[in-house]
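Written below as structure tokens is the structure these notes are about.
Everything quoted here is computed from the prediction, not taken from an experiment. Just so it is clear: chains get the letters A, B, ... in the order the sequence lines come, proteins before strands, and each one is counted from 1.
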Protein chains: 2
Amino acid sequence: MSCHDVPRYGGYRRSVPGSEQVNLVEVAKAAGVSKTTASDALRNSGRVSEQTRKRVVAVANRLGYSPNPVARSLRMASTGTIGLHLPEILTRSEYYMSFVFGVVDQAAKMDYDVTLLTAQHVPARRLHRVDGVVLGDPLETDTVVRELLGAGLPAVTCERYTGEVEPAGIVLSEHTAMFDRLLDHLADSGARAIAFLASSTVTDWGATLQGAYQNWCERHEMRPRVREMAFGSPTAVTQDNARAVLNADPSVDALVCAPDGAASAVLPVIRAAGKTIGADLLLASCVDSSELTHTDPPITAIDLRPREAGAACAQLLFDILAGETPRGTVRAHPIGLNARRSTRG
Amino acid sequence: MSCHDVPRYGGYRRSVPGSEQVNLVEVAKAAGVSKTTASDALRNSGRVSEQTRKRVVAVANRLGYSPNPVARSLRMASTGTIGLHLPEILTRSEYYMSFVFGVVDQAAKMDYDVTLLTAQHVPARRLHRVDGVVLGDPLETDTVVRELLGAGLPAVTCERYTGEVEPAGIVLSEHTAMFDRLLDHLADSGARAIAFLASSTVTDWGATLQGAYQNWCERHEMRPRVREMAFGSPTAVTQDNARAVLNADPSVDALVCAPDGAASAVLPVIRAAGKTIGADLLLASCVDSSELTHTDPPITAIDLRPREAGAACAQLLFDILAGETPRGTVRAHPIGLNARRSTRG
DNA sequence: GTGAAAGCGCTAACAA
DNA sequence: TTGTTAGCGCTTTCAC
């Protein structure tokens, strides 16, 4: 067991001195009814007469009553909350921010809260008050992911999880199809030597893209030119890699960047090499973001529709929790391609 | 009252059919001890003998026991969770993403969870299971903010809240000082006509910057050239405003952009106007982000240290919850200035 | 249409 | 060192 002492502060709405939170019994007493009736009146259970309902509600309002959600949770055996976990390093990006809000939006529609689960304090873990979890791009090496899945919590992953335990549901983006379309688009624009600044295969996404690239190159008899980057590589490293790719083979006439933010980080390198983006060198990103529309020229990118992905994950989780959808369900998540001037000469 | 029926799914770790979650009594029974002893053993309360403790722990492990955090919360009158609310429109930015993770990190250090509170379903609001809330840049018009504060929840705001209810604590960034330093820096670099693409005064931050700008201009006998933008304005609007500023007064030789993302969005406009950034026109942003380091040239920006700001808010909230810090405490949050080529010729 | 009582799973006060 | 009892505040039988 990894239970440990949990120093905890003031209670639920108890921190305002002298303003103790009123509870159901006090309302019931003040309204001259029983606990049960008060509860039913306030929840509109349709059991009490309209007259008493109104009276109870009025009293509750006067006393400033608000039900204790923790007690309700305990009784109903449901927390009304789902957890959300993201790979630690990547969390800065616009992609994940949108993903998060997709999850939160969808959860709010179902009247659920969302709790952010981090990689902190892994050894002495606390338990989270959640009915299930959404795992964005789960890494096999992520101990938090392993523990959450190991604990038997219903989990929905965005993209595949390569570890032992199967999640209860999976939302899969159509990366291979869209990456093929991107490479076709580059070839159509005249590219004959497409290099790929790849992302590490620790994520399913990174691995899928590398596979798609290799396959496409084989089918099109193009020599693959890959350079893989570790997760969360700083700008300088990204730029070094881009330089290396361009120097290694001067015939390269198109560069596709997988890591989020890499495409724009690479711009100074390309400029320094004296190349003109969109002419000498086509440039594309595997992750779209608003900054790619501001660059000169704007950069073509795959639109991962992160907000919709997050919403889809949450929805699948709710469907599974409700028993409406069987465990092991996999849902496809459509993505898109935003072609911009960086690939259209 | 805004209580309403809450359809809720499966229970806490109850969703795996046939794998009912074991509870404390079952562990106690299996170990041949009382509920209390089992509880004490698992929590290392120092009440039980080492021998029985080990036995209980072994049994708990064998049965796959894990304590129900909801029950614990109810008993301890503390949720172990804080809420986090951000203005809805702004939530896409790198700034808020970092802020969020600052809060989450700090909370994790105190063994707390963080729940994201959105503006959704305001009419029929549910209650959130939180001991307190952090409000990032609270808008006076935000009904969620008003409700949270009105409910008497201990709240810490990042920047001032101009509404009725006082938050329990405030973390204040030193915007005026740093904005003055930025304008001084521009003047030092030769700027004589500094225009300001301002952010709406609905946030304390936006209002503070506008005030600082006016004051600085007065002190330096410079004619103020302000253009205020609504919150969350799309790129096109930002660009229209930038064009208007530049056209209105061709003598403008420096432009400061307040809204996050505006500085880079404005680049194409400046290019189209035939100006050279860093030479004809100095450009600076009031919010730093990684994309500003990739632009050509890199853009000078105020570093708001969002991660540290988030952590400071969470910490202040915990201090107040613990009663270590009085309500009404205001803490300063130091920020910085990243001077880059866009303002150094 | 309403009330009394049971109990969700846990911790804390009081005994032994 | 351990067990017994009494709740935390709520929803839900079951009885009237």
Side-chain angles (χ1 to χ4, degrees), chain A residues 1 3-8 10-14 20-29 31-56 60 63 65-80 126-127 129 131, chain B residues 1 3-8 10-14 20-29 31-56 60 63 65-80 126-127 129 131:
Chain A
M1 297 309 313
C3 312
H4 60 299
D5 302 288
V6 185
R8 193 116 303 160
Y12 172 73
R13 255 174 242 190
R14 283 288 169 77
E20 296 281 299
Q21 177 66 16
V22 304
N23 61 16
L24 196 56
V25 263
E26 308 183 53
V27 173
K29 213 173 291 175
V33 294
S34 77
K35 236 172 35 164
T36 315
T37 305
S39 173
D40 285 331
L42 294 170
R43 281 177 310 139
N44 255 325
S45 74
R47 232 181 67 123
V48 297
S49 71
E50 188 54 22
Q51 189 187 349
T52 49
R53 197 190 67 77
K54 278 205 177 120
R55 197 175 72 244
V56 172
L63 273 68
Y65 169 76
S66 67
N68 182 329
V70 177
R72 181 178 283 184
S73 283
L74 180 59
R75 184 60 235 247
M76 312 221 300
S78 151
T79 64
R126 8 187 325 259
L127 289 138
R129 295 147 180 79
D131 289 344
Chain B
M1 297 306 314
C3 312
H4 60 298
D5 302 287
V6 184
R8 194 116 304 159
Y12 172 74
R13 256 175 239 190
R14 282 289 169 75
E20 294 281 300
Q21 177 64 16
V22 304
N23 61 17
L24 196 56
V25 263
E26 308 184 54
V27 173
K29 214 173 291 175
V33 294
S34 77
K35 239 175 26 168
T36 316
T37 305
S39 173
D40 286 331
L42 294 170
R43 281 177 309 139
N44 256 326
S45 74
R47 233 180 67 124
V48 299
S49 71
E50 188 55 22
Q51 189 188 348
T52 50
R53 197 190 67 78
K54 277 203 176 123
R55 197 174 72 244
V56 173
L63 293 163
Y65 168 76
S66 68
N68 182 328
V70 178
R72 181 178 285 186
S73 283
L74 180 58
R75 184 61 236 246
M76 312 222 301
S78 152
T79 64
R126 8 185 325 261
L127 289 137
R129 296 147 180 77
D131 290 344

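Between E50(B) and A71(B), the residue whose closest nucleotide on DNA chain D is further toward the 5' end is E50(B). The nearest heavy atom of DNA chain D to L74(B) and to V33(B) marks one nucleotide each, and the one closer to the 5' end goes with V33(B). Between K35(A) and A38(A), the residue whose closest nucleotide on DNA chain C is further toward the 5' end is A38(A).
Taking only side-chain nitrogens and oxygens, S34(B) never comes nearer than 4.0 Å to OP1 or OP2 of dT4(D). The shortest distance between the side-chain N/O atoms of R129(B) and the OP1/OP2 oxygens of dG9(D) is not below 4.0 Å. For the OP1/OP2 pair of dA12(C) and a distance below 4.0 Å, the side-chain nitrogens and oxygens of R47(B) include no atom meeting the criterion. Within the 4.0 Å cut-off from OP1 or OP2 of dG9(D), at least one side-chain nitrogen or oxygen of N23(A) is found. The shortest distance between the side-chain N/O atoms of T37(A) and the OP1/OP2 oxygens of dG1(C) is not below 4.0 Å. Within the 4.0 Å cut-off from OP1 or OP2 of dC10(D), not a single side-chain nitrogen or oxygen of S73(A) is found. Dashed line: the shortest gap from a side-chain N or O of T36(A) to OP1 or OP2 of dG3(C) is not under 4.0 Å.
Rounding to the nearest 0.5 angstrom, the gap separating the CG atom in L74(B) from the OG1 atom in T79(B) is 11.5 Å.
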Criterion side chain to side chain contact (heavy atoms under 4.5 Å, CB included) on V33(A) and V48(A), from CA distance to verdict: CA-CA 11 Å; V33(A) 294; V48(A) 297; over 6 Å; no
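By the 4.0 Å N-to-carboxylate-O rule, E26(A) lies too far from K29(A) to be salt-bridged with it.
Each of dG3(C), dC10(C), dT1(D) was ranked by its minimum atom distance to the side chain of R72(B); first place goes to dC10(C).
Judged by distance alone, the side chains of R129(B) and S73(A) do bring a donor and an acceptor atom under 3.5 Å apart.
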